[in-house]
Structure formats: structure tokens, C-alpha cells
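Chain letters run A, B, ... following the sequence lines, proteins first and then strands; every chain starts at 1.
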Amino acid sequence: MQVVKRAAADYRWVRPPEWCPGCGHFGILQSLYNAFAELNLDPANVVLVSGIGCSSRLPHYVRTTSVHAIHGRAIPYALGIKLANPSLEVVVVGGDGDLMAIGGNHLLHLGRRNVDMTIILMDNSVYGLTRGQAGPTLPAGIKVKAVPKANPQGEINPLLLALTAGFTFIARGYSYDIKYTTKLIAEAITHKGSAFVQIYSPCVTYNNVMTREWYEKKIYKLEEADPAWDPVVHDEKEVDLKIRKALDKIVERDRLPLGVFYKNELVPTFDERYESLYDPNYRKLPPALQPVEADGKPVVDFEKLVADRLL
Amino acid sequence: MQVVKRAAADYRWVRPPEWCPGCGHFGILQSLYNAFAELNLDPANVVLVSGIGCSSRLPHYVRTTSVHAIHGRAIPYALGIKLANPSLEVVVVGGDGDLMAIGGNHLLHLGRRNVDMTIILMDNSVYGLTRGQAGPTLPAGIKVKAVPKANPQGEINPLLLALTAGFTFIARGYSYDIKYTTKLIAEAITHKGSAFVQIYSPCVTYNNVMTREWYEKKIYKLEEADPAWDPVVHDEKEVDLKIRKALDKIVERDRLPLGVFYKNELVPTFDERYESLYDPNYRKLPPALQPVEADGKPVVDFEKLVADRLL
Amino acid sequence: MRISFLIGGPQGRGVETASFMFIYGVGSAGYYVYARREFWSNIAGGRHSYVVGTISDRWPAPAPGNSVELALTFDGHAVLEHVFHLMRGGYLVYNTEEDSKTPDSYPMMAKPLAERLKHFAKGQGFEPTVRNFVEYLRQSGVEVVGLPYNKHISEIGRKIGVASPVMLARFVNTFVVALGAALLGLDEEYVARGVGFALGKKADVIEQNKKVAAEAIKLVGKKMTTIQPRSPGVKRIFWNGNEASAYGKVVGGVRLVAYYPITPATDDAMVFERLIPFPVGKDAGELAKLERIGAMAFQAEDELAAVAITTGGAIAGARSATVTSGPGFSLMSEALSMAGMMEVGIVVTLWMRAGPSTGQATRQSQQDLFFSLFIGHGEYPKIVYASGDLEEVFLDNIRVANWAERYRVPVIHLVDKNLSNTFAVMPLPDPSNLKVQTTPPVVYPQTKEAEAYPLEEVVPPKLLPGVSNAIFHLNSLEHDPEGDPEEDPVVVTKMFEKRMQKLKLIESEIPPEEKVLYFGPADARRVIVGWGSTKPAILTALEELKDVGFLYVKMLYPYPVDLVRRYLEGREALFLENNYFGQLAMITRMFAGVVPTAVAVKFNGRPITTDDVVEAYRKFEAGQKTIKLESDL
Amino acid sequence: MRISFLIGGPQGRGVETASFMFIYGVGSAGYYVYARREFWSNIAGGRHSYVVGTISDRWPAPAPGNSVELALTFDGHAVLEHVFHLMRGGYLVYNTEEDSKTPDSYPMMAKPLAERLKHFAKGQGFEPTVRNFVEYLRQSGVEVVGLPYNKHISEIGRKIGVASPVMLARFVNTFVVALGAALLGLDEEYVARGVGFALGKKADVIEQNKKVAAEAIKLVGKKMTTIQPRSPGVKRIFWNGNEASAYGKVVGGVRLVAYYPITPATDDAMVFERLIPFPVGKDAGELAKLERIGAMAFQAEDELAAVAITTGGAIAGARSATVTSGPGFSLMSEALSMAGMMEVGIVVTLWMRAGPSTGQATRQSQQDLFFSLFIGHGEYPKIVYASGDLEEVFLDNIRVANWAERYRVPVIHLVDKNLSNTFAVMPLPDPSNLKVQTTPPVVYPQTKEAEAYPLEEVVPPKLLPGVSNAIFHLNSLEHDPEGDPEEDPVVVTKMFEKRMQKLKLIESEIPPEEKVLYFGPADARRVIVGWGSTKPAILTALEELKDVGFLYVKMLYPYPVDLVRRYLEGREALFLENNYFGQLAMITRMFAGVVPTAVAVKFNGRPITTDDVVEAYRKFEAGQKTIKLESDL
Ligand SMILES: Cc1ncc(C[n+]2csc(CCOP(=O)(O)OP(=O)(O)O)c2C)c(N)n1
Ligand SMILES: Cc1ncc(C[n+]2csc(CCOP(=O)(O)OP(=O)(O)O)c2C)c(N)n1
Ligand code: SF4
Ligand code: SF4
Ligand SMILES: [Mg+2]
Ligand SMILES: [Mg+2]
């Protein structure tokens, strides 16, 4: 087979994005194109999965296979796809409302499985598509443009949640910094295990508080602030230390660090666990790729299957 | 009014518990009776709320008002009760399956509101009532009695989740240590804000790994190991430090600390926030206690209500 | 008097604001307006949005049909969208600066529409430019007011001393609205009132826009009509369906609304939230000493939580409601079954939109009738009730809140996208004929274990935690009178029947006129049967269709079998519905055994218009049994 | 030949194991057994559980009625539970050591039952002791075998050299089962086979228990009958409904099962999981070289995830199913609507139990028919199909897996608690008449943007990520052929109709004999109409009720209107259902316009028995229109 080298433009779908001009989500889309090109992913082997939200429309602007599912459930749909065919490159994108409010439980339970897929949180701290209500990452007391009152609910830190969930790659980017975001997304995709990337992505229409200016005053890069920063677990024994170091940065609130907080490829992935516990051929012959009949006859030997039940 | 002093037995319901003999849940039940008695709670002013599970049957064994709701939703039912009438003492009990698997999202979103109520997790790392499947706190690779294969999914640390969620009181007990568990529950109930108590509660029928012996080899008490242990945030400035200290203990895995990990009463409760942002009379005249009509006439002045819309 | 209009332009860029200006402006001249908004399910990004409506000197104002007399367009895209929506003799206002554009100039125009337009132009032998379509309209008898908008606005800016492009851009709304006002013979004062309503009461803003309006009006040489400012003699309100619903909740005593945002339901909750704390009336009994009272509006993490919080609120004793649309309603299935089992009365205001699944989030349908009737596993009593216009939306909110408390069942209140986005200037409804009916809680003098589910009472006593001095157990499991789990077959049967007896109780207590209404001649041989928001269109069509009856069904469950049978006995019935299956027709067959003569359906995401009703009826008269409606305005 | 039996004792303490021993033991003597388990919805704690069934030399073995000929009881509680479940001439085996106990001695006995027993004893003029009830039974013509169990077991222990109380306690099951074997004239060999099956094949355990059995058998002086060991001449299987379902999935090619535990569905998934990896057959084409192949069994965090994972699996190309019961099914509403919209074929095996809400988690009902038909917001195509016995459960699993792939719709496979807990020794079904039908995926030679929803094809092409070399978009929003969001009214209408045409396709392709079956005389004037697990009881009753037909409906949606009309035309129809509303009767009226003559329902959480069918039919014959069944075995 001929090796194709694809460019970012090769991942652009025919239809143009329908976001408000200036929306942070454009930056993430561009970064995704770039990362896909950098990794030269086969667009027919990538499955982009999303829920519902402005952010969740992203797959329609990308030239890869995609599933635009229902609100909050992108992760389990993606998971089903990946479980059935682990050779696919599965990437989930979604908003803070989608992935952390209604979809919070699936995020929480994905990490602990360490399935080899990537979650990209397009975080604007509001519900864009339903016209500007508070998202779960909006701090208490802030009143955004379109709602009548200030937020009486506190915020959740997505990275702390990812760590709690057991994600083995945890990073944070900023949508207007396309180069950096590209790098983080590419790293997340190549990571072996469940990867989580939060990307600050201002909603220019409804979030009049957490704006470009607001973010740019607070963000900094981990590796710039501390050139010795090394989030990678190189040895089992380092796990506790690296988790504690990551936590230390994750709970930072006044300034907002960007970069990779934690990365551990020593945890077995779900595939690996499944092969050792259930089915040694799992990756060779996964559910989606098995023939189940030959000339209409089941491939399974029924009598052998029920042997211990026969009288 | 006459002051009644109630004893633990005053909270015992007429029907006996229907758990398997030796089940850890008995210890929690007794601790709850004790704590209620210690605090002398009015049983007609307490609402015990649960979902579905062996653990969730607990309210039927207690002489207080209770709501035995559906699987995974105890928290939002309890929340609705508390929001409508904040003067009630609302306590949620439930299993690891109920509160952390199907109900994980509600736990995640309760903490950030800091509503003044208590969650008691009766943690046996299995699904008792459905006959022994893996619960979300069962470590990967463990095979419990009634299931065909070892667990391919990792565990979630309930305390780390509680901290992520924003609970302002976080503690862990052990069901066979009734005295200690009583103390923790009483503290949780008196805490001003959202309180979370995890209680190890072995399932003698299905969890043949995490047994009494297993736990008793690992548990220790924070304040015994470190007499200077002080989980309380006494000053706003201490928050970050105390969170980091709590995290340090929460992520401990080889041994299992019991005790109070974190306590912060400086965070405004939801009532307080709601009063300042929405309704200054909220606690004086909450939704459940307002008359809504007088002689069949609405108490609200309709024309004043729509004044800005009249032509 | 009746003038139909539309205002169209790029979504999210002021066309909604312009519509408010126009409607309020016309309203402030003493008229009634009935209008509806159509928009795409994304925020901005260049899609086309419009408002279509009717101005009238009487109420109810007629519902719009498939074409209008006056079209105010913001850009060429809007002209192209509405080429087939203009009446002969109608007026088109448009921007000549877009004359040379074609469907392909508007990347956000729906591709199939662009293709249809090009195909049409080709058939007519012209290039598909805006100019040519306008010319085609002119030849079809449409009066055209074409002006170079930006050029004029710049000139006006110069006159009134505004040069910044940002500022000038803000005048477009006022400019277009003023062109409309000019055609109606209304002066700048009314445009200014619209501006005041839509942009806020700042005097300088109003003054400046008034000047813009005055200048714009001068640019129009024609007049469609002259509508004289008048005094309608009644108090009027400008609101939409979401707002009517929220006001109904407040008046009806709802004090807890938990919700998760979803189109087109969110605004019901957000208006409720905005209104907190509410003004107290003079006759408010013990509350009268307070100026304002509060309530709980709560944004939940999802709909599973929203309905549970709502149920919790009701358990504690607050009148509680949640608002949602199809996807969220689906998520409430399990909890509704529980409310039925646990005997907790809650209200779910269900704003139907076009499904299945995410479907068309901002489009109309009545697809969720079946699902509302049978939602949730297992069998339990409930009420399903539908509103058909804004007055009903308001008043029915009071009714359903009463019923939820009275019967302790989940009450599903069916409304839809069409109602949510209906904007009307209409007489202020009078809620005083409708009582807010509550049940006092049981209060024991001494703490007491109480039966939550006594077998002798169809509706359990109102026991409230912290109020009743009672200790009681509520349960989602099948239970004994104490509320504790029970599987004894005898008790189980009794408990099941006790719950189901509520259906009979509901049937017997709710008066017939709140269940079905009949319009038209008592002896009509043919009857149109409908429910929900098709009501105004059907009533409007009835003015044209003589000798036809209209059986309007509000109570969907428990189904008013006897009433429906009585009205349909011996008549031919055309069922008219905004869904695919003809769901009302089917349940009528199931519950009442009445076989529909014909069924007309529309499932393209657009509401049934007055013209649709007439078309369906003509086909029905001609003997057609299944009729598909496809108009697109 | 037919012997009915029950085995009752304290739940969670061996009575289930004893039942397996007994059933397998009798089965190993060459007989068929059809039995059902009843238990409470908590794990242990002292509730009463039992198995009731029939032994027969033919298959289908008759379904049990409301009383049995042989009752093996473990304790006095069990005697009291079954006082009214013994036939005249039947045999009761009980422990005389409990003679002096009364209902109040058993704190876990359902209070209402205890009250009824005490009331009955009072009416009869005796103290409510176990002894007196046994005496009452004796006087009613029941043969009693009363033995002091523990005394005998200790003695036997002494004989065979076992003294430890723990060990002795383990012999109770064998002891009681052996007493039953004695009455049936079976020797210890068959008890030992039962022990081998229930406790494992360890030779020493079997040997020891065989000795216990031999001793126990000697204690019984009476004999009901002597059933001769026989050779039935066909391969037989011992399984229950959950297992039959799991085997059906494996054979039918299901390779991904995602689930969240729930009674009575869990075992379907857990058996599937246990069987991984599966043995490959010799005719397996390219797979034949492998010995075993794998599959994915996945325990999700909740049912929202379970159904989504299942759908994801199907999108990737695996035959995928989820298993659940009412509460979990409710949570799947939104995702089912999406599967309909996105055109993904999945199977939901719905194990119905008694609702509403948590209801009675371990009890029987057919309450979820309505909900299955109309689950999820919006209108979309689906299939709802029901199985009525274990063979059907197995074979229908293959059918529904085929259909999900063929039509790309959600398929809801209705089974119930009654089936899940039916244990049978029966002929091994032969799946070879049923094809496993798959569609090959489209594979492009070169990467290509492909239409996921071409308008010309009712069922979309099978595009698989990573396989088809295709780039395509799937969407829960209304979409154009490319799968991108579209709200153009013309395209929307076409897409909607295209999806709905599947219903017609399904109707035309699935053969009539897979939709309805008719039993009994072709010219019967009266017909019983039923669905699902009432089938065996109705068929058994038909042997007694001459001249009656039985119309058995398997396809519930799309409803087989023509077939049902044809069979019911001109006949009187009694609908018989395990729910409150008579749901099949109602949908038959809705879809087919057929008015049921009478409806018999049972909603106390217990299945409809053969005696119930006879009772209902007698009342129907006598002209009763609505019949409530209340038997409790
Ligand atoms: C079950 C369900 N509930 C609610 C909605 C309505 N809804 C659509 S998008 C959205 C939130 C979007 O917010 P987010 O995920 O943060 O994305 P953003 O638009 O901010 O990018 C909501 C609540 C829905 N589609 N489905
Ligand atoms: C929606 C729904 N799904 C599944 C169930 C079945 N179910 C009942 S209890 C339970 C889990 C119980 O586990 P846990 O909460 O840990 O309590 P435990 O029995 O271990 O105390 C499940 C899955 C249900 N009742 N409802
Ligand atoms: S509403 Fe906000 S998130 Fe949505 S497209 Fe516009 S700017 Fe982006
Ligand atoms: S099954 Fe486990 S959790 Fe349930 S009652 Fe028995 S021991 Fe307790
Ligand atoms: Mg967002
Ligand atoms: Mg548990």
C-alpha cells in the first residue's frame, strides 16, 4: 500500500463550521486538523464521537468518520465502538455541559477502565447551544450575560475529576494557542490509555466574564514555569509521587497552568486486561471483525457450548 | 415544649432488618441509631433517603420519616426535599453501586453546591442486592465469589471523588467499629455544608476478598497515627494547605486511614448563597412552608408580576 | 382587519430584536399581534431566522397561513427564503445592495433549498439572482420596496451625527422596522416604543432611533394601509408561550422549579427564575404583610436529577414542577413511574419539538403524545393534558398544579415549540375564575407513626416531613400501608387497585369543559378533531369552512371516552395532527373505539397553518383518507 | 403422566440448591421437568422461597396449576405458606420438630399472610400451630409424611461417621430431596446425580450424600407412585430462561453485551460472560481453525451507558445486545429513540418484572408492553417481539439479532421474570432451521466520502469504520443523506418517511408464522388471545378446555394487523394477560380495530397458571367481560 501523507486541510469537511465568529471552538477544530495531520491518521479509521452542544457539532466539520450522538453520552457510545473494534482511533469531543454536567458519570467511569481513547473537553463554562446558562466549570457567584442571576453553584475542576477517574494522561490547553493545543491533542491520541485534555475555549456570545483577556491573564505553561517539570511515570514506584505532584498543580486556582499534568503508560489498558482475563484473541479478532456465521450456520458449536448442561 | 431525650432504641422501627446475618450494614444501622440519639434528633424532622440496594433498605429499619427511592437517585430526591424545606435534617444512605456507579453524577454535583446534608456511603465493593457483581470500589483484577471472571475495571476512590465534588466534610469509617462510626456520622450531621462519610461495610455473602480480616489488616485511624492531625480549615488561607494534606491521605492505598480527612465550614452553604443571590427570606419562608393561596386566590399579585409586559 | 407579515434575516444578528420592536410597536398602537418565530438549532453562523404573524384589531387574531402580505427582509438570503411566501398584492421590503447575489452566495442556506431555487429559476428561464427573483415576484403581483439599506443608513447617520460603523450597524433593525411601519402608515413614535421595549428604556437610545425611524419612513413612497392608533379598551400583555407558562406557575403556586436547560423549554424555567422574588397581593392572607416571597429555581446536572429534585420538593410539600423537551423527558421515564408508585404529585411541562432523538431542536411537532401516555415501566396513574394557545398555557399551568396536589400523580402538561415561540400582544388573561386549590397537611399533636398509604383512601393523606409531626415511610417498592416493602399477593393487589382508582376519581371530578371543547355548529356533519397548538389555526380556518365542527381535546389521559364518543357519534371526523402517525386518532380508536374517517398529518418540523387546515379539509371533503401536509412557512 | 411438586424453605439457605438436586435428579431418571422459582427481593434474612413444577414423560410438560401433589417443605414456615397449595390426595413432607410453631414464630412471614392464617385457624376453631394446620390438611385428604428432620439427620450422621453440626446442616437438602425421591419410588442414585449437578462432581461428596439419601429413603413408608427410570431418546438440557437467552445470543452471533446488573436480567449477561471464549464449530468457515473465539461482556456504570455502549458496538459492526428490566429500560428511552434516528440495529432483551417503579423486583408481570411500543420521544421505527417459553427464548434471540442487523432498528425482545426463573429439563432445541443472517459490509477500494443515509435505500448500506474505507457521518439530529444536520422541510420529510418505510419492509419480510401462532381447532368459536410467558399455561389448559382456540401473538410491533383480524374475525376473543390494563387487548383495538369480547388480567406479581386459564375461560363462557385472577402460587 502506498503511504499517503495528509495535510491539515485533508481533514476539513466540505461544509463550513456554524459557530459564532470568534468562538473558541474554531481554535480547537484547527488544532485537531493539525494533530490528525501530524499523526497522519487515516480518516476512515478515526471515529470522532460527540454529544450535543456547540462544541459537539465539531465532528460535522471534520473529514473523518463520526458519530454525533445524544447529550452527555458521547463517552459510552465511543466506548462501545472502541470495545467492539480496538484498532479504531476513537476521539471524543464535547463541552463542559455535555461531558461534565449530564455526562459526568461516564467521564468518571471511563478513566478507571483505561481504555485507549482520547477525550477532549471544549470548556467555555457555559451552555452555548442552549443560550448561555452556567456550566459546571463556572465558579460560584459569577453572573454571565444571558442568565437572570449569579451562579449559586460551585465549580468542578475537570482535571481533578480526570485524576479521580483514573485517566492516565491528563492535560490542559487553550484554544487560541493552536500550536500548543495541537501538540497536546497529538500527545493525547498517541498516549496508550485513557487520555483527557481540557481546553479553555471562550464562548464569545454568552460568557462575558471568562473571556480571552480573562484567561490570558491567568494561564501559564508548566514546563515554562518549571523546566524540570516531568509529569511522566517512568517506574511503578513513582506513581504516588507523580500523582501528588500532579494534584499539587491541578488544585492551583489563582493562576491556571497549561500542559501535561500526568502521564502513566505503565497501567495496563483495558485491551490488555481483557485479553488476560477473558479472551486471549481479543485484539486479533475483536467483536466487530468476527464472522458470526458461515453459510447461515452459526460459527459457535452449540452442543459444545451447552455440554455441561446436557442430560 | 417539653424536651425529650431519645435513646438509640427510639429510632428502631418495628420491623427487623432483612440483611444476611453478619452483614456489615448492621453496624452502620446501629451507628445511625446511636448518632441520632446522641444528637437527639426529632424523628419526624429527619428524612432518610436512599436508592436501591441492600444498603438502601436501611431506612425501613429506622423510626424516622424516609424515602426509599430509585436506584442511583437518592441524592437528587434528598436535595429536592432539602431545597424545599431547609430546616429538615436530610441524610442519604446508599451502597457503592447506588451512590457511585449509577448515581455517581449526583454525588459529583452535590458537593459543589454545599447543601447542608449528609451522605453515608455503605461501601462493600460489590452489588449485594443483585447478587454479587463488582462495585465501583472493587480494585481491578479481583474476582469475587459470584461472578465468572476477575474485575477488568479499576476502582474509584470515594474520598477523592468527594473532594473533587467539593464536599466540605469528608470522612471514612468502618462498620464493625460502631463507636467510631457513630462519632463520624454525628459529626457529619452537625457539619454545616455537604458532608460525605464512606463506611467500609463488608458483604459477607458476596465479597469473599474484602472481608473483615482484609480490612482489619489495613485500617488505622488518622488521629492515632498522627496526634497532630487536624483536618479543619480554620481560616480561608488554610484551604489550599488542608486540601493538599487531605489529598495526601486520601490517595493512600496500602493502608487505609479512617477518620475525618477534611472539614471546612467557611464555604457558604447553598442556603446562604441562595439567600444572598435570589431570595432574602429563603430560610424563613422556604418553598414547602409557603401558603400559595388565600381562599383559593393566588397570593402573588399577577398584575404586578407582569407589569413590565403590560401595554 | 388582518395583516399578515414576516420579518426575516440572518439568525443571531438582530432579526429577533427587530421582530420584538415591530410587534411591540404595532401593539403599542392598540392592535393585537399573533406571531411565531422560526429558527435553526444553532446559535449564529449565518442561518436564516424569521418571525411570521398577523396583526389584528380583534382577539384572537387570526393565525397565519402559508403566505403573508408584508415581508420585511434583512438581506438577499431572506428574500430567497421567502420567494414563495408572498401573497399576490403583498409587499416585499428588501435591500437592493444584494441584488446580484444568488443562492450560492449564501453558504449557510440549506443546500436543498438552494437547489430548488436554482431549479425554479432555470425553469422560469432566469439567472437565480436576488434581483431576478424580486422581478419574478413583482410580475406575480407583489409590490416591491427595494432600497440600498447601507447607503441610506450611512446617510441617516451623517444626518444625525453618527459615523462609526458599529453604531450604524445597530440602526439596521430600526431602519427595517421603520420601513414596515411606513407601509402600515404608522409614525416613528410607535417604532420608538418598540425600540424602548426591545433595547431598554434609555432615553437617548430611544431618541436616536426615533430619528432613524423618522428618516427611514420618509424613504417609503407607498402605503399598504393606514392603521390608526386605537385604544383596545382592555389590558393587554406582550409575551410568548414560555413566559405565559412561567407566569402560570408563579400564580398557580409552584414554588420549586428544577430543570436542565433544553430548547424550547429553558425559558419557562429561566423566566420563573428571573421573577423571584414574586410580588405579594393584597388578598394574600397571612402573607399580605410581606412585599415579596421567594421560590426555588434550580438548574440541575441533568434531567434525571431535575425530575428527582422536583419530586423531592413535592414530598417536602412545595408545589413543584420541571420543564423539559423530548430528550430530557425520555430521561425522566424512570422517575415518573416512581412518582406514580410513591404517590407524589409533580408537574412536568413538556415542550415538544421535532424528534426523534435530537431531531430538529428548534422545530415543531406533536410527536410525544404516545410516549407521554405510556412513559415509564409498569402501570401507574397519571394525567396528560395539553394546551393550545397562550391563554391556555397560562391558565392550564394553574390547573395542572392543582391536580398534581389533589391526585398525587405525575401530571404531564403538553405544550410545544410552536407555543413556546408564539409571541402575542393579547388581552391579559384573568386567572380569577380559576381557584388555586390546596389540601392542608395533616398535623398530629404528638409525634406519631402514620400510614403513608392507608388502604381506605384513594388519595393518601398529606403527610409532610417536619410539618405533620408524623413518622412515615415512602417507597418505590410495592408496599404495605406503612410504606414498607411488601410482596404478599393480596396486599399487592389492593395497593395496585387503590392507585389505579385515581383514574376514575380524576375522570369524575374534572369538569367536562376542561377536558374537551367543541366549536362550530352543534349539528355539523363533519368535525375536525385536534389537540394542542393546532387550535388557533383550526379556529381561524373555521371562519372560512362553514358548517364544520371542531372537537378540541385537552385531556389526553385519562381519555375522556364518553365525551369524545358523544361528540363524534354519527359524524365524519378528520383528525389533524403535527406528527406522523396521527397519534390522537390512534388513541381515540384505542380508548373510545371511535374510528377516524380521515387523518391529516404534518411532520416536516413546521406547525400546521390556517391554509393547511383548509387544504386538509378540502381533501377530506373530497374523500381522501390520509392526508400529508407539507407547507413550509 | 404428570406429577406436580413444590419445594419450599427459607430463602438463601439451600432451598434453591435442593430444587436443582431434585429437578436434575428426576431429569436424570429420564423425565422432563418444568418448574418455576418464586422468591423475595432481598438476599437472605429469612423470607420464604419455593420452586413449583411438574414432572412428565412428555414434552412440553404441563404447566403447573394452583396446587400440587407433592410438597417438600424445609420448615414450618414453608408448611404455613403452602397450606392452600396442596391437592386432595397429595403428599406433604414436613419437619415435625416445628409442630408447635405458629405464624408469629416466623418474624419474616408476610404480616398479611400471618393474619390470614390466624384468621382461618380461628374460623376453623383451632390454634394456628403448624401441627394443627397439618392436621387440617390431613383431614382435607392430604397424605402427610412428618419426620423430625434434625433428629434423623443426626442419626444418619452417626451412621456414616459425621458429627460436626456444620457438616450435618449441609445434609438437609439431600435429606429432604431424598424424602421426595422415596415418595416417587426413585432410588438414591438419582438423588446423587442431583447432588453431583448442584454441588459439583467431587466423588467423595457425592458418595456421602448418596448414603444420606439411602438412609432417608428408608424413613418413608409410603409411595405416591413409582416412576421408572426411562430413556427419553432425545438429547435433553437442563437450563433456565436466562441461560436459554444467553445461549441464543452466543449462537445468534451476538458478540457484545453491555449491561448494568438488574433482576431478573443479570444472569442473561453473566452467563454470556461465563461462556467467553466460545467453542468454534467445525463448519465455521474461516474460523474453523480456531478452537475458541471471544466476545465482549461489559458491566457498565448504569443503563444509560449500557445501551450506548451496545449501540456503539453495533456502529462498529458487532452484533450487540443489552439486557435489562423495567427500571433500566426506562433509562434507555432516550438512546432507543436515537438508535431509531441514527439507524443502528441493537437488541434490548427486556426481562419484565412487576412494576411500577422498583415494584416487586423478583415477581412476574407483563406490564411493559405499552411502554415498549412507545418508548422514547419522537416517532421512529422499531420491532417489539415476545417469547413465551424457553425454546422460544433461545431461538428468538437468534431472530432478533438477525432483524436488528437487517433493519437497523432497535429491537425490543420481551421476556419476563417468569421465563427467567423457569427451570426445565427439556429436549435440546435445534437451531439449525434458523439461519444466522448477516449483511456484508460495503468496502471501498479507496477512501471515500460515503452517504450514510442515501434517500433511495430504505435500509442504509452497511458502512463500518475501519472496515469500509469510508468517511461518513452518523447523526442524532435530523440530517441529510450525508448525515449532516438538516432542517430543510423537504429533505426532512423524505428522511422521516424513509425511516418509517422500514415498518412496511418488516411487515412484508417476516413470515406470518413468526408473528402469530394459532393452536386448537381451526373452527373454534371462542379464542383465547395471549402473548409471552402465559403460553405454556394456556396450552396446558387447552387440553382441558375443548373447542377453544389460542391465538398466540409474538410480533407486537409492527402489529400483525391482518393476521390478527383474520384469526379473530367472527369469533369471541378472551384476552388473557399478566397486567392490569389488558394491554394486548388495547393495542389490538388500536391497531386492528378488533374489539375484545372479554379481558382477564392478573397483576399480583404471580404468573398466570393453568388453573387461572381455566377459571378465566369459565367466567368468559358465562359472559363475564372483565375478569381478575388472584391465585397466589
Ligand atoms: C437530554 C438533553 N438535555 C438537554 C439538551 C439541551 N442541550 C443541548 S446542548 C446543551 C449544553 C451545551 O453545553 P456544552 O456541552 O457546554 O457545549 P457548548 O454549547 O457550550 O459548546 C444542552 C443542555 C439535550 N440536547 N438533551
Ligand atoms: C435503574 C436500575 N438499575 C438496576 C437496578 C438493580 N439494582 C438493584 S440494587 C443494585 C446494586 C446494589 O449495590 P449497592 O448499591 O452497592 O448496594 P448493596 O446491595 O451492595 O448494599 C442494582 C444494580 C435497579 N433497581 N434499578
Ligand atoms: S454560542 Fe458560544 S460556544 Fe456556541 S458557537 Fe457561539 S461563541 Fe461558540
Ligand atoms: S448480600 Fe451482602 S450486602 Fe446484602 S444483606 Fe447480604 S451480606 Fe449484606
Ligand atoms: Mg460549554
Ligand atoms: Mg455495595
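- For the pair C/Lys111 and A/Arg15, the tightest heavy-atom approach, listed with the atom from each and the gap, is NZ-NH2, 3.2 Å.
- Pairing each heavy atom of A/Gly97 with each of C/Tyr260, the nearest pair is O-OH, 3.6 Å.
- Note that the CG atom of C/Asn42 and the CH2 atom of A/Trp19 stand 11.5 Å from one another [nearest 0.5 Å].
- When the side chain to side chain contact (heavy atoms under 4.5 Å, CB included) test is applied to A/Ala165, the partners found at least two apart in sequence or on another chain are A/Leu108, A/Phe167.
- Of all residues spanning residues 130-151 of chain A, those with a heavy atom less than 4.5 Å away from chain C's heavy atoms are A/Thr130, A/Arg131, A/Gln133, A/Ala134, A/Ala146, A/Val147, A/Pro148, A/Lys149, arranged by number.
- More than 12 non-hydrogen atoms from other residues, nucleotides or ligands lie less than 6.0 angstrom from NZ of C/Lys201.
- When all heavy atoms of A/Arg57 and C/Ser41 are compared, the pair lying nearest together is NH2-O, 2.7 Å.
- Contact record, C/Ile43 with A/Cys54: CG1-SG, 4.0 Å, taken as the closest heavy-atom pair.
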>> As a quick check of understanding, evaluate side chain to side chain contact (heavy atoms under 4.5 Å, CB included) for C/Asp302 and A/Asn105, giving each step before the final call.
In response: CA-CA 11 Å; C/Asp302 58 25; A/Asn105 207 34; over 6 Å; no

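- When the shell of 6.0 Å around CD of C/Glu291 is examined, it contains 12 or fewer heavy atoms from other residues, nucleotides or ligands.
- In this view, C/Val166 and C/Ser164, C/Arg170 satisfy the side chain to side chain contact (heavy atoms under 4.5 Å, CB included) rule, not counting sequence neighbours.
- Within the 4.5 angstrom heavy-atom criterion, only side-chain atoms of C/Leu331, from C-beta onward, approach chain A.
- Legend: residues meeting side chain to side chain contact (heavy atoms under 4.5 Å, CB included) with A/Asp98, ordered by chain and number and at least two apart, are A/Ser56, A/His71, A/Ala74.
- Going from atom CH2 of C/Trp40 over to atom CD of A/Glu18 covers 7.5 Å, rounded to the nearest 0.5 Å.
- When heavy atoms are compared at a cutoff of 4.5 Å, A/Leu129 approaches chain C by way of both its backbone and its side chain.
- In this structure, chain A has no heavy atom under 4.5 Å from any part of C/Pro327.
- For the options C/Ile262, C/Ile276, C/Val271, C/Thr263, heavy-atom pairs under 4.5 Å to chain A are most numerous at C/Ile276.
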